[in-house]
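As a basis for the values below, the full set of heavy atoms in this structure was taken, side chains included, without hydrogen atoms, waters or symmetry mates.
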Amino acid sequence: MSKSFSAFGLAVSAVVLTCLPAAAQTKVTNEGISASEIVVGTHQDLSGPIKGWGVPVANGMKMATEEINASGGVNGRKIRLVIEDSGYDPKKAVLASQKLIERDKIFAMVGPMGSPTVLAAQDILFDAGVLQLFPLTAAEFTFKFDPAKPQERLKFNNLLPYVESTRAALKYMMEWKGFKKPCIMHQDDEYGKNVLDGFNQQLTAMKAQPASITSYKRGASDFSAQIAKMKSDGCDLVVLGTVLRETIGAMTEAKKLGWDVTFLGATPTNVMEVPALGKDAVEGLYAASGFEIPYEDTAKGKVKDWLVNYKKMFNSDANTQAIIGYNAMMTFAFYANKAGKDLTGQKMLDALESGEKFLDIFNSPPTKFSKTDHLANTITQVQQVKGGRWVLVKDNLMF
């Protein structure tokens with residue numbers, strides 16, 4: 001937005017112009033790059049309702065940054081990571097982004113947390129020519145872009161998207177188990193809407209009808225009305241567009257009512273804390289996933305070493321969120337290295353769109369972008385909680 005761009009008072013010299021087809025131009029900042037360092041920013045929920053995500057994500061990012069710097073940095077430059085707390089509040093995310101741009105002079109925003117918070121702040125980044133890379137949300141607005149709006153070219157996502165993953169997992173479950181009355185409970189925000197869209201699109205493709213659709217306000221803790229409604233509507237499969245505590249709360253309420261129904265969570269439910277905190281209440285939960293969750297007692301090689309090192313650094317076990325945060329920084333460093341020693345915003349953008357593949361140590365699908373597709377992959381797994389941990393049920397799913 002040009003008004004906010006003017007308000008920020010960003011120097012014209014901090015922006016370079018990259019040519020696109022049809023003479024459109026993308027502004028990309030060169031701020032945050034010096035002879036010795038690259039300044040990278042992020043906003044995480046460190047104190048709010050999904051701090052169970054934000055804290056380990058931040059830890060994973062810190063761990064990756066230390067490893068990168070210890071090995072010589074990015075073409076000789078050390079990464080300086082600046083982390084701000086959004087509290088999962090869109091207004092705070094906007095203020096954090098303004099601070100990171102105006103005061104810290106970041107080169108890129110890497111791994112920002114949450115659908116509503118990322119959505120609220122992303123235009124501020126684009127106006128300043130700051131890349132939005134690998135946010136901790138798989139909502140479609142983080143990777144789909146309109147060629148007629150050149151600043152949208154600055155967004156890239158390496159997570160499994162909510163719409164596509166929900167469709168693939170739902171298709172598999174309905175065909176496998178023969179469910180006839182699927183329903184959904186989703187968070188009333190951009191994240192939940194994406195899960196709902198995937199749910200509706202897949203049912204339409206399968207010529208099926210939802211038995212019940214219900215939602216809840218972000219931050220809610222009582223799901224008795226929603227669970228009672230879905231039970232009354234005769235649902236045989238409940239899709240959950242929930243996060244951590246909402247997943248546990250919904251399934252705990254179902255147990256209280258003696259309702260034996262199958263639950264299928266969207267990708268944010270596929271975290272170690274769900275079985276660790278939910279215990280018997282979440283046993284049997286299925287979830288869409290992008291990669292297998294490693295456990296220290298069964299992991300091998302580099303993954304085993306990584307889990308051990310994480311515990312030493314933070315005095316806690318690594319989890320899905322820590323892996324995602326770690327990979328966000330490692331992916332950034334990979335493409336920044338590809339951009340070369342004479343790093344600029346334009347060269348970083350070119351490297352991201354080059355088609356070069358990044359492979360992590362966790363056997364995730366490869367990260368690869370192009371000039372027309374800023375989403376890494378849509379390959380989905382289904383995992384299930386068995387014996388208090390996640391186990392793989394089915395891999396390589398598509399809708």
Side-chain angles (χ1 to χ4, degrees), residues 49-50 52-53 88 114-116 137-140 160-174 177 179-204 206 208-271 273-275 277-289 380 382-385:
I50 59 169
W53 267 79
Y88 200 45
S115 297
T137 165
E140 290 190 331
L160 186 63
Y162 299 136
V163 172
E164 286 80 354
S165 59
T166 299
R167 290 193 62 174
L170 178 59
K171 178 178 185 290
Y172 171 73
M173 293 295 293
M174 289 187 67
K177 297 286 190 178
F179 294 115
K180 302 299 182 185
K181 290 189 171 184
C183 55
I184 185 170
M185 186 184 93
H186 66 92
Q187 192 160 279
D188 187 15
D189 63 5
E190 189 66 22
Y191 155 56
K193 180 182 181 299
N194 271 251
V195 178
L196 176 63
D197 287 346
F199 175 82
N200 285 332
Q201 288 175 23
Q202 191 55 40
L203 291 189
T204 298
M206 299 178 78
Q209 294 295 320
S212 183
I213 295 177
T214 185
S215 64
Y216 65 91
K217 294 292 183 182
R218 187 171 66 247
S221 57
D222 181 3
F223 308 100
S224 55
Q226 291 90 339
I227 295 297
K229 180 182 187 303
M230 291 188 290
K231 182 181 180 184
S232 176
D233 290 338
C235 302
D236 56 8
L237 173 67
V238 177
V239 174
L240 293 174
T242 53
V243 196
L244 173 57
R245 67 185 185 186
E246 299 85 359
T247 304
I248 297 169
M251 295 188 69
T252 298
E253 185 64 30
K255 297 281 186 184
K256 287 181 182 177
L257 295 179
W259 186 29
D260 186 16
V261 67
T262 300
F263 285 90
L264 170 66
T267 52
T269 68
N270 181 234
V271 294
E273 288 82 359
V274 166
L277 299 176
K279 301 188 185 304
D280 290 345
V282 301
E283 190 71 13
L285 168 67
Y286 293 91
S289 175
T380 305
V382 168
Q383 297 184 36
Q384 186 183 25
V385 177

Legend entry - Approximate separation, where rounding is to 0.5 Å, of Ile184 CD1 and Leu196 CG: 5.0 Å

Legend entry - Value rounded to 0.5 Å, distance of CD in Gln209 from CG in Asn200: 9.5 Å

Inset, instruction - Decide side chain to side chain contact (heavy atoms under 4.5 Å, CB included) for Glu164 and Thr380; before the verdict, give the C-alpha distance in whole Å, the side-chain angles of both, and the deciding distance to 0.1 Å. - result: CA-CA 8 Å; Glu164 286 80 354; Thr380 305; 5.8 Å; no

Inset, instruction - May I ask you to check whether Gln383 and Tyr286 show a side-chain donor-acceptor distance below 3.5 Å? - result: no

Inset, instruction - Applying side chain to side chain contact (heavy atoms under 4.5 Å, CB included) between Ser212 and each of Ser232, Cys183, Pro182, report the one that passes. - result: Cys183

Legend entry - Lys231 atom NZ, neighbour heavy-atom count above 12 within 6.0 Å: yes

Legend entry - Given Lys193, His186, Gln226, the one that forms side chain to side chain contact (heavy atoms under 4.5 Å, CB included) with Ser215: His186

Legend entry - Within-4.5 Å side-chain heavy-atom neighbours: Arg218 and Val243: no

Inset, instruction - Could you tell me which non-hydrogen atom of Ser115 sits nearest to which non-hydrogen atom of Tyr162, and how far apart they are? - result: OG-CE1, 3.8 Å

Inset, instruction - Please tell me if the side chains of Met251 and Leu285 come closer than 4.5 Å, counting only heavy atoms from C-beta onward. - result: yes

Legend entry - Polar side-chain atom of Asp236 near backbone of Phe179 as donor-acceptor pair, under 3.5 Å: no

Inset, instruction - Looking only at non-hydrogen atoms, find the nearest pair between Pro275 and Val282 and report the distance. - result: CA-CG2, 3.7 Å

Inset, instruction - Report the C-alpha separation of Met173 and Val239 in whole Å, then their side-chain angles, then the decisive distance to 0.1 Å, and conclude whether the side chain to side chain contact (heavy atoms under 4.5 Å, CB included) test is met. - result: CA-CA 10 Å; Met173 293 295 293; Val239 174; over 6 Å; no

Inset, instruction - Would you confirm whether Gln384, through its side chain, and Gly284, through its main-chain N or O, come within 3.5 Å as a donor-acceptor pair? - result: yes

Legend entry - Smallest separation among heavy atoms of Met206 and Lys171, with atom names: SD-CA, 4.1 Å

Inset, instruction - For residues Ala266 and Val195, report the shortest heavy-atom separation together with the two atoms involved. - result: CB-CG2, 3.8 Å

Inset, instruction - Determine whether Val238 and Trp259 make a side-chain contact, defined as any pair of heavy atoms from C-beta on separated by less than 4.5 Å. - result: yes

Legend entry - From CD (Glu253) to CG (Asp222), nearest 0.5 Å: 6.5 Å

Legend entry - Straight-line distance of Leu277 CG to Thr247 OG1, nearest 0.5 Å: 11.0 Å

Inset, instruction - Report the distance from atom CZ of Phe223 to atom CG of Leu240, rounding to the nearest 0.5 Å. - result: 9.5 Å

Legend entry - Asp233 CG: over 12 foreign heavy atoms closer than 6.0 Å: yes

Inset, instruction - Determine the sole option in Thr267, Thr269, Asn270 for which the side-chain hydrogen bond (donor to acceptor under 3.5 Å, both in side chains) test with Ser289 is passed. - result: Asn270

Inset, instruction - Give, for atom CG of Leu237 and atom CZ of Phe199, the distance between the pair rounded to the nearest 0.5 Å. - result: 7.5 Å

Inset, instruction - Give the minimum heavy-atom separation between Ala220 and Arg245, together with the two atoms involved. - result: O-NE, 4.4 Å

Legend entry - Which atom of Gly241 lies closest to which atom of Tyr216, heavy atoms considered: O-OH, 3.5 Å

Inset, instruction - Report yes if the side chains of Met230 and Ile227 come closer than 4.5 Å at any heavy-atom pair, otherwise no. - result: yes

Inset, instruction - Assess whether side chain to side chain contact (heavy atoms under 4.5 Å, CB included) is satisfied between Tyr191 and Thr137, documenting all intermediate values. - result: CA-CA 8 Å; Tyr191 155 56; Thr137 165; 5.5 Å; no

Inset, instruction - Check the pair Asn194 / Thr166 against side chain to side chain contact (heavy atoms under 4.5 Å, CB included), numbers first and verdict last. - result: CA-CA 9 Å; Asn194 271 251; Thr166 299; over 6 Å; no

